[in-house]
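Beneath this line is the structure, given in structure tokens, with notes to follow.
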Amino acid sequence: MSYKLIETNLDEVTGVASIVLNRPEQRNALSSELMTELSEAIEHFEGLPVVGCIVISGKGGKAFAGGADIKEMAGRTYSQNYKDNFITANWERVAQCRKPTIAAVSGYALGGGCELAMMCDIIVAGENAKFGQPEINLALLPGAGGTQRLTRFIGKSTAMDMCLTGRMLTAAEALSLGLVSRVVPTDELMDLALDMAKTIASKSRMTAMMVKEAVNTAYETSLSQGVLFERRAFHSVFATGDAKEGMTAFTENRPPRWDNK
Ligand code: DAK
């Protein structure tokens, strides 16, 4: 598949797919066209059995994404937003991806850029990363889950601080607050992200998908319901060939061979 505003790559040996937001001169601003291409790429990679993990990053190093495309949004009206189902139509696909996703953030992840990163399962960052929800400076508010995901991930006070003042978090702050899982020198970021993706893609595909579903359930339900969901998933994984293979390989002291069945 060929795209204008993103670049994609698939390593069939490791099972790692990568998607690069490619509007560096506009700080990878998330236009509708870009988000449609991103959704199509996610759909494509999700459907390929060989893919075990997807990495999303931004071209140019200065920004993961500077946010929704303000120049494009400026002319939008309420009725257009409502009729086109703006945001829901082509932004939520990333959050709905069933395969594990990693956002590799170098530079700014602002507004919709921060929201896009939070739609991924893991965020890793270069030391130059800056996270923010500065929509308030435009008299807008986050529209792609920012007030909701950020609050769940880092807590009310810091989320309020960011959304009300527009202040940005450094990579170190984001790490200490648990928004990102790892921070490395910026020039090592892509190696780290691809390496993590390779590790995830080397696991049983089905089990990795179930783990993702189970962890995400923690954000959607009560503790007891979440634990019950986890318990049922744990019970059902015993029906897969991979779980049998994993335990057999351990007892036979050999590496497992997954067949994703
Ligand atoms: N949109 C459009 N263009 C952008 C952009 C953006 N978000 N961010 C950067 N650019 C463009 C700049 O306009 C500039 O274009 P030219 O003038 O060269 O044509 C080019 O990228 C380079 O920008 P700078 O010269 O400013 O570059 P710097 O490295 O100095 O600064 C920056 C990078 C990202 C810190 C700065 O550009 C900046 O502050 N950008 C705006 C950040 C921002 O406010 N982001 C939030 C966007 S609002 C909703 C759904 C969703 C949303 C809202 C509502 N509903 C459902 C209603 C989400 C909203 C947002 O994300």
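Each ligand, and each atom within it, is numbered from 1 in the order the structure gives. None of these values were measured; they are calculated from a predicted model.
Among all non-hydrogen protein atoms, the one lying nearest atom 56 (C) of ligand 1 is Ile87 CG1, 3.3 Å. The closest protein non-hydrogen atom to atom 34 (C) of ligand 1 is Leu110 CD1, 3.8 Å. From the protein, the heavy atom lying nearest to atom 14 (C) of ligand 1 is Lys71 NZ, 4.0 Å. In this structure, atom 5 (C) of ligand 1 lies nearest to the protein heavy atom Ala29 CB, 4.0 Å. Annotation: atom 53 (C) of ligand 1 to nearest protein heavy atom, Leu141 O, 3.6 Å. Atom 7 (N) of ligand 1 has its closest protein heavy atom at Ala68 O, 3.0 Å. Of the protein's heavy atoms, Gly143 CA, 3.6 Å lies nearest to atom 49 (C) of ligand 1. When only non-hydrogen protein atoms are considered, atom 57 (C) of ligand 1 lies nearest to Asn81 ND2, 4.3 Å.
Residue-ligand proximity: Ala63 is placed with every non-hydrogen atom at 4.0 Å or more from ligand 1. Using a 4.0 Å heavy-atom cutoff, Asp69 is listed among the residues neighbouring ligand 1.
There is a protein heavy atom closer than 4.0 angstrom to atom 47 (C) of ligand 1. Put simply, atom 3 (N) of ligand 1 has protein non-hydrogen atoms near it, under 4.0 Å away.
Between Asn260 and Arg205, the side chains place no donor N or O within less than 3.5 Å of an acceptor N or O (distance only, hydrogens not considered).
Note that the CD1 atom of Ile54 and the CG atom of Leu10 stand 9.5 Å from one another [nearest 0.5 Å]. Rounding to the nearest 0.5 Å gives a distance of 7.5 Å between CG of Leu169 and CG of Leu150.
Checking only distances, Ile70 does come within under 3.5 Å of ligand 1, N or O to N or O.
Counting only distance, with no hydrogens or angles, the side chain of Glu37 and the backbone of Lys4 share a donor-acceptor pair below 3.5 Å. Judged by distance alone, the side chain of Asp69 and the main-chain N or O of Ser32 form no donor-acceptor pair under 3.5 Å. Asn28 places a side-chain N or O within 3.5 Å of a backbone atom of Arg23 that can act as its donor or acceptor partner. Of the possible polar contacts, one joining the Lys99 side chain to the Glu46 backbone as a donor-acceptor pair under 3.5 Å is found.
Nearest to atom 29 (O) of ligand 1 by heavy-atom distance, out of Met168, Arg27, Glu25, Glu135, is Arg27. Counting only non-hydrogen atoms, the option in Gly112, Gly132, Gly66, Gly67 that gets closest to atom 43 (C) of ligand 1 is Gly66. Distances from atom 11 (C) of ligand 1 to the heavy atoms of Lys130, Gln26, Lys62, Glu72 put Gln26 nearest.
Counting non-hydrogen atoms of neighbouring residues, nucleotides and ligands closer than 6.0 angstrom, the NZ atom of Lys62 reaches no more than 12 such neighbours.
Relative to the ring axis of Tyr108, Arg27 does not place its NZ or CZ within 45° and under 6.0 Å from the centre.
Interface of Met73 with ligand 1, defined as ligand atoms under 4.0 Å from a residue heavy atom, comprises 48 (S), 59 (C). Below 4.0 Å from some heavy atom of Gly111 lie the following atoms of ligand 1, by number and element: 46 (C), 61 (O).
A salt bridge between Lys198 and Asp11 is absent, with no side-chain N of the basic residue lying under 4.0 Å from a carboxylate O of the acidic one.
Under the 30°/60° scheme for interplanar angles, the aromatic rings of Phe238 and Phe234 are found to stand perpendicular.
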